[in-house]
Amino acid sequence: MLVNLSQHVFSAEQVRTHESTAAAQSGVAMYTLMEHAGQAVFAQAIKYFPQAQNYVVLVGVGNNAGDGYIVASLAKQTAKQVTVIAAAPDKPLTGDALTAQEAWFAVGGEIAAFNQQIINNADIIIDGLLGTGINSDVRAPFVELIEAANISAAPIVAIDLPSGINADTGAVQGVAIEADVTVTFVGIKQGLVTGAGRACAGIGELDDLSISDAFTQLATPTAKLISYQTSQGLAKRSNNSHKSSHGKLLCVGGNKGTAGAIRLTSEAALRSGAGMVKVYTHLESVLAVSIGRPELMVTATDLTSALEWASCVAIGPGLGQDTWSTTTFETVMQYCLAHNKPLVIDADALNLIAQSSSVNSLKNAVITPHPGEAARLLNCSISDIEANRYYSATQLSNHYGACCVLKGAGSIITNSTNTWVCTDGNPALAVGGSGDVLTGIIAALIAQGLTTEHAACYGVTLHAKAGDIAAQRDGEKGMLPSDLFAIVRELVN
């Protein structure tokens, strides 16, 4: 969950490169900036954990350690019990970090040797071990301290980013702090908002240290953060509109035994405002798709006529990979590419694309892979995808010419030129059928006139926000994708 974060993210290199210039232009000395960072962390620690009295501050050897020493000094001066544990106590600090350490000694502070019991007795742990420069696996003695903090019952507040997280990719470098709160500085590091980085960061807080005006003049964001609250939705409908005014969507999928997937997609599309929704499905799935939802038009014949009728096509949920699937897939793809008809491609349609060498130009399409499907599309492993989700999404968009939605924690949307990251969403959405609902939402938005990029961004945030509301009402466990229908209708209005 993200709190008080701006709408843009930056690479670690951008922050490192421009921080000192921005500080100078703002009339702030670098040590003063470090003091402000320490003050920001301590303020958030008090805000979220006001009853904590026993502070354990873990420090490394860089500027994060300096921030940690300042937090320790502030806590001690407010009568907290404070223990500082240094990962490398014999390694001398330099520069501003040394100045901060000397200030800690000046208020009577000491450095303790690592002891698991000290960490176990903490009311709160401050993570100042590793900064944004780490790009290889964490080594001893940092590994031991990170693992000790993670098994402790105490909440953890991370300085700038959780130690062990790659600031640019969000990947875990072997082992990482699992923070409850992360206070990041100057600009949001892009690794904090997607994948494992998002999971390890906990609640995110940004403090620009009063240099943001100068910094944003120097650095161009690498991506934009989007949420339901910041997304532009559908325009108000005209009083004299009719069903054809709001799009004719064809949903293709639902092989025998998997009718539920395309049913979820098509009903989600209706609830997202599509004027008419038709389903082309396997003959044995017609009854299963249509029963209980008479608003859906369902057919198992004359696919070409259905394609001619539609203003947008969604293909993939429940499609399968047998002869019926392949024939259906090839008919849809050939027609839509020849007629430049907008497509939303998901599930087995993505797997069929991965097996095809002829599909490589999807200029008017949205592809919505989860990491497994993305790995098949790029002929790599899931761990390769998750190691750098930004790069993976861009590669997919570049290779296929489509707008790509790489699903997961902090879903990434990119059209190669621009990149967006969704800040809504929670683990309740990690359930079979959730992606089928997202496909229907995005396709319905395109059918109603939104561009592929606009529909992808708004659709992802709409789906994620509905998941947040459902989880808040009834909890994260046991949510059904169909539980989102009524909430999506509320939100889209």
Separation between CG (Leu362) and NE2 (His399), nearest 0.5 Å, reads 9.5 Å
Rounded to the nearest 0.5 angstrom, the NZ-OG1 distance for Lys189 and Thr222 is 11.5 Å
My understanding is that only residues two or more places apart in sequence, or in another chain, count here; which of them pass side-chain hydrogen bond (donor to acceptor under 3.5 Å, both in side chains) with Glu102? none
For Ile487 and Arg473, what are the C-alpha separation, side-chain angles and deciding distance, and is it a side chain to side chain contact (heavy atoms under 4.5 Å, CB included)? CA-CA 11 Å; Ile487 305 172; Arg473 290 177 182 175; 3.7 Å; yes
Taking the side chain from Thr230 and the backbone from Ile226, do they hold a donor-acceptor pair closer than 3.5 Å? no
Verify the distance criterion only: is there a donor paired with an acceptor across the side chains of Asn398 and Ser416 at less than 3.5 Å? yes
Flag side-chain contact, heavy atom, 4.5 Å: Glu386 against Ser392: no
Take atom OH in Tyr391; do more than 12 heavy atoms of anything else shown fall under 6.0 Å from it? no
Taking everything shown except Gln81 itself, do over 12 heavy atoms lie less than 6.0 Å from its CD? no
Starting at CG of Leu93, measure out to CG of Asn63 and round the result to the nearest 0.5 Å. 9.5 Å
For Asn418, what residues pass the side-chain hydrogen bond (donor to acceptor under 3.5 Å, both in side chains) criterion, not counting sequence neighbours? none
Determine yes or no for a side-chain-to-main-chain donor-acceptor pair under 3.5 angstrom, with Asp384 supplying the side chain and Cys380 the backbone. no
Phe215 meets the ring-ring contact (aromatic ring centres under 6.0 Å, His included) criterion, sequence neighbours left out, with Phe10
Smallest heavy-atom separation, Ala87 atom then Leu129 atom, equals CB-CD2, 4.0 Å
Shortest non-hydrogen contact from Asp137 toward Gly174: OD1-N, 3.4 Å
Please report the C-alpha distance between Leu209 and Val28 in whole Å, then the side-chain angles of each, then the deciding distance to 0.1 Å, and finally whether the side chain to side chain contact (heavy atoms under 4.5 Å, CB included) criterion is met. CA-CA 9 Å; Leu209 306 182; Val28 181; over 6 Å; no
Just checking, is any N or O donor in the side chain of Thr182 or Thr184 under 3.5 Å from an acceptor N or O on the other one? no
Backbone N or O of Val488 within a donor-acceptor pair of the Lys465 side chain at under 3.5 Å? no
Do NZ/NE/NH1/NH2 and the carboxylate oxygens of Asp123 and Lys80 come within less than 4.0 Å? no
Just wondering, are more than 12 heavy atoms of other shown residues or ligands nearer than 6.0 Å to CD in Gln53? yes
Applying side-chain hydrogen bond (donor to acceptor under 3.5 Å, both in side chains) to Asp483 and not counting sequence neighbours gives none
Thr194 side, atom OG1; Arg389 side, atom CZ - distance, nearest 0.5 Å: 3.5 Å
Ignoring hydrogens and geometry, is there a side-chain-to-backbone donor-acceptor pair from Thr265 to Ala261 under 3.5 Å? yes
Looking at Thr220, is its backbone amide N or carbonyl O close enough to the side chain of Gln14 to form a donor-acceptor pair, meaning the two atoms are under 3.5 Å apart? yes
dist Tyr69:OH -> Leu98:CG (nearest 0.5 Å) comes out at 9.5 Å
Where do Val157 and Tyr48 land on the side chain to side chain contact (heavy atoms under 4.5 Å, CB included) test, with the steps shown first? CA-CA 9 Å; Val157 178; Tyr48 284 101; over 6 Å; no
Report yes if the side chains of Thr368 and Lys407 come closer than 4.5 Å at any heavy-atom pair, otherwise no. yes
Note, Tyr228 side chain near Leu491 side chain (heavy atom, < 4.5 Å): yes
From the options Leu33, Ile159, Asp208, select the one residue that forms a side-chain contact (heavy atoms from CB on, under 4.5 Å) with Phe185. Ile159
Non-hydrogen atoms of Phe142 and Gly60 that approach each other most closely: CE2-CA, 3.9 Å
I need the full list of side chain to side chain donor-acceptor pair (under 3.5 Å) pairs touching residues 424-442, with sequence neighbours left out, sorted by first then second residue. Asp346-Thr439, Asn426-Asp468, Ser434-His463
Qualifying residues under side-chain hydrogen bond (donor to acceptor under 3.5 Å, both in side chains), relative to Thr419, sequence neighbours excluded: Thr414
Between Ser231 and Ser227 (side chain of the first, backbone of the second, donor and acceptor by atom type, cut-off under 3.5 Å), is there such a pair? yes
Looking only at heavy atoms, what is the nearest atom pair of Leu234 and Gln448, with distance? CD1-OE1, 3.4 Å
Could you walk me through whether Phe49 and Asp180 pass the side chain to side chain contact (heavy atoms under 4.5 Å, CB included) check? CA-CA 10 Å; Phe49 311 106; Asp180 296 274; 4.1 Å; yes
Sub-3.5 Å donor-acceptor pair from the side chain of Gln173 to the main-chain atoms of Gly164, do we have one? no
Any Leu343 side-chain heavy atom under 4.5 Å of Val366 side chain: no
Over all heavy atoms of both residues, which pair between Ala201 and Leu192 is shortest? Give the atoms and the distance, please. CB-CD2, 4.0 Å
Should Glu178 and Arg198 be marked as a salt bridge (charged side-chain N to carboxylate O under 4.0 Å, His left out) after you check the CA-CA gap, both sets of side-chain angles, and the distance that decides it? CA-CA 10 Å; Glu178 298 164 6; Arg198 170 171 162 151; over 6 Å; no
Taking all heavy atoms of Val492 and all of Ser272, pick out the closest pair and write down the distance. CG2-O, 3.8 Å
Exercise: do Thr99 and Asp96 side chains pair donor with acceptor under 3.5 Å: no
For the backbone of Ala486 and the side chain of Arg271, can you confirm whether one donor and one acceptor N or O come within less than 3.5 Å of each other? no
Spacing of CD1 belonging to Ile125 relative to CD1 belonging to Ile156, to within rounding of 0.5 Å: 5.0 Å
Counting C-beta onward and ignoring hydrogens, is there a side-chain heavy-atom pair between Leu450 and Ile446 closer than 4.5 Å? no
Could you check whether any side-chain heavy atom of Ile85 comes within less than 4.5 Å of a side-chain heavy atom of Leu145, counting everything from C-beta outward? yes
Does the Asp207 side chain pair with the main chain of Val186, one donor and one acceptor, at a distance under 3.5 Å? no
Counting only heavy atoms from other residues, nucleotides and ligands, does the tally under 6.0 Å from CG of Asn493 exceed 12? yes
Could you go through Glu373 and His370, starting from their C-alpha distance and side-chain angles, then the distance that decides it, and tell me whether this counts as side chain to side chain donor-acceptor pair (under 3.5 Å)? CA-CA 5 Å; Glu373 292 157 347; His370 59 55; 3.2 Å; yes
As a quick check of understanding, evaluate side chain to side chain donor-acceptor pair (under 3.5 Å) for Asn120 and Ser152, giving each step before the final call. CA-CA 5 Å; Asn120 290 345; Ser152 167; 4.7 Å; no
Look at the side chain of Arg16 and the backbone N and O of Thr132, then say whether any donor-acceptor pair between them is shorter than 3.5 Å. yes
Does Gln116 reach the side chain of Glu144, with side-chain heavy atoms less than 4.5 Å apart? no
Side-chain touch Leu429/Leu438, heavy atoms, less than 4.5 angstrom: no
